[in-house]
Undergrad: 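Just dropping this structure here.
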Amino acid sequence: VEGAVFRDDGAGAGVPNDGAPQAGESGLGNVRVRATSGACAGGACDSTLTDGGGAFALWLPAATAGGGVSVSETNSNAWISTGGSAGTTGGTYARSTDALDFVPANGVVYSGVAFGDVPPNQLAAPGVRTAPAGGAAFHPHTFVAGSAGTVSFSAVQTPVPPLPGWSGTLVRALD
């Protein structure tokens with residue numbers, strides 16, 4: 001089983017978060033990919049780390065022919081799976097388990113298997129702010145998107161202490 005794990009971020013005018021590798025979306029190295037089946041000792045058939053370009057190759061023993069095999073990847077720390085492709089396996093990918101399930105035949109090389117991942121989004125505030133009575137405090141936050149797409153923000157006002165006259169305003173700064 002040959003395939004790749006890639007950064008599904010829409011780089012290079014690709015479509016982000018669609019689970020399909022496109023030109024401009026880079027491969028992810030050092031990601032664990034596993035093949036499992038009840039026909040393999042202890043359920044584990046093969047396991048490997050992707051190379052620097054995100055490519056991997058897994059070997060299935062002859063005993064798996066005609067039975068179910070599952071190929072899955074383990075995301076890097078806090079990364080999110082966006083989807084996958086069954087390639088030439090004829091199987092099905094399930095995002096909920098981040099696994100591809102199919103029934104292999106002996107002597108067939110399956111290719112085009114793909115797993116798309118993106119880094120987590122980050123929202124960071126630079127700390128606390130204070131203001132004198134009647135003054136204003138600016139508390140900027142920085143949002144770093146893990147991939148292209150759409151994001152919405154809103155503000156909920158919860159003054160502490162609960163005194164009248166407190167207000168909050170959400171402003172978008174394109175710095």
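Just so we're clear, the structure is a prediction, and the values are computed from it rather than from any experiment.
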Undergrad: Which atoms form the tightest heavy-atom contact between Gly146 and Asn121, and what is the distance?
TA: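 Residues Gly146 and Asn121, closest heavy atoms: N-OD1, 2.7 Å.
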Undergrad: Under 3.5 Å, is there a donor on one side chain and an acceptor on the other for Thr82 and Asn17?
TA: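 No, Asn17 and Thr82 have no side-chain donor paired with an acceptor closer than 3.5 Å.
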Undergrad: Output, in order, the C-alpha distance, side-chain angles, deciding distance and verdict of side-chain contact (heavy atoms from CB on, under 4.5 Å) for Val31 and Thr74.
TA: CA-CA 7 Å; Val31 176; Thr74 303; 5.7 Å; no
Undergrad: Could you give the distance from CG (Leu123) to OG1 (Thr142), rounded to the nearest 0.5 Å?
TA: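 OG1 of Thr142 is found 8.0 Å from CG of Leu123.
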Undergrad: Step by step, would you call Thr92 with Leu100 a side-chain contact (heavy atoms from CB on, under 4.5 Å)?
TA: CA-CA 6 Å; Thr92 56; Leu100 161 67; 5.7 Å; no
Undergrad: Quick check: does any side chain N or O of Ser85 sit under 3.5 Å from a backbone N or O of Ala114, one acting as donor and the other as acceptor?
TA: no
Undergrad: Out of curiosity, Ser147 OG to Asp117 CG, how far, rounded to the nearest 0.5 Å?
TA: 11.0 Å
Undergrad: Donor-acceptor pair, distance only, cut-off 3.5 Å: does the side chain of Ser37 make one with the backbone of Gly68?
TA: yes
Undergrad: For residues Ile80 and Arg95, determine if any side-chain heavy atom of one lies less than 4.5 Å from a side-chain heavy atom of the other.
TA: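 Counting from C-beta outward, Ile80 and Arg95 do come under 4.5 Å.
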Undergrad: Look up atom OG in Ser47 and atom CZ in Arg34, then write down how far apart they are to the nearest 0.5 Å.
TA: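 Nearest 0.5 Å value for the OG-CZ distance: 4.5 Å.
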Undergrad: Is the Phe143 ring parallel, tilted or perpendicular to the Phe153 ring (thresholds 30°, 60°)?
TA: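 The rings of Phe143 and Phe153 stand perpendicular, inter-plane angle above 60°.
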Undergrad: Linking I/L/V/M/F/W/Y whenever their side-chain heavy atoms sit closer than 4.5 Å, directly or via other members, would Val108 and Val113 fall into one cluster?
TA: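 Yes; tracing contacts between hydrophobic side chains, which count when under 4.5 Å, links both residues.
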Undergrad: Atom OG1 of Thr48 and atom CG of Leu58: how far apart are they, to the nearest 0.5 Å?
TA: 6.5 Å
Undergrad: Does Thr50 reach the main-chain N or O of Phe56 with its side chain, forming a donor-acceptor pair under 3.5 Å?
TA: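 Judged by distance alone, no pair lies under 3.5 Å.
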Undergrad: Are Phe6 and Ser26 close enough that some pair of their side-chain heavy atoms sits under 4.5 Å apart?
TA: no
Undergrad: Side chains of Asp98 and Ser81: is there a donor and an acceptor less than 3.5 Å apart?
TA: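 Judged by distance alone, the side chains do pair up.
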Undergrad: Closest heavy-atom contact between Ala99 and Ser72?
TA: CB-CB, 4.0 Å
Undergrad: Could you tell me if the side chain of Asp9 sits less than 4.5 Å from the side chain of Pro16, heavy atoms only?
TA: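 Pro16 does not reach Asp9 side chain to side chain.
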Undergrad: Can you tell me how far the CG atom of Leu60 sits from the SG atom of Cys45, to the nearest 0.5 Å?
TA: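 Answer for the CG-SG pair, Leu60 versus Cys45, is 6.0 Å.
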Undergrad: Are any of the side-chain heavy atoms of Trp79 and Leu28 separated by less than 4.5 Å?
TA: yes
Undergrad: Taking atom OH of Tyr93 and atom CZ of Phe102, what is their separation to the nearest 0.5 Å?
TA: 15.0 Å
Undergrad: Can you check side-chain contact (heavy atoms from CB on, under 4.5 Å) on Phe115 and Asn75, steps first, answer last?
TA: CA-CA 10 Å; Phe115 296 95; Asn75 289 338; over 6 Å; no
Undergrad: Where do Cys40 and Thr64 land on the side-chain contact (heavy atoms from CB on, under 4.5 Å) test, with the steps shown first?
TA: CA-CA 7 Å; Cys40 295; Thr64 61; 3.7 Å; yes
Undergrad: Would a distance-only check, ignoring hydrogens and angles, find a side-chain to backbone donor-acceptor pair under 3.5 Å from Glu25 to Gly10?
TA: yes
Undergrad: Where the side chain of Asp46 meets the backbone of Ala35, is there a donor-acceptor pair that is under 3.5 Å apart?
TA: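 Such a contact is absent between Asp46 side chain and Ala35 backbone.
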Undergrad: Is any side-chain heavy atom of Val33 closer than 4.5 Å to one of Val5?
TA: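 Val5 vs Val33: side chains touch.
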Undergrad: Hey, does the side chain of Gln22 reach the backbone of Val15 with a donor-acceptor pair shorter than 3.5 angstrom?
TA: yes
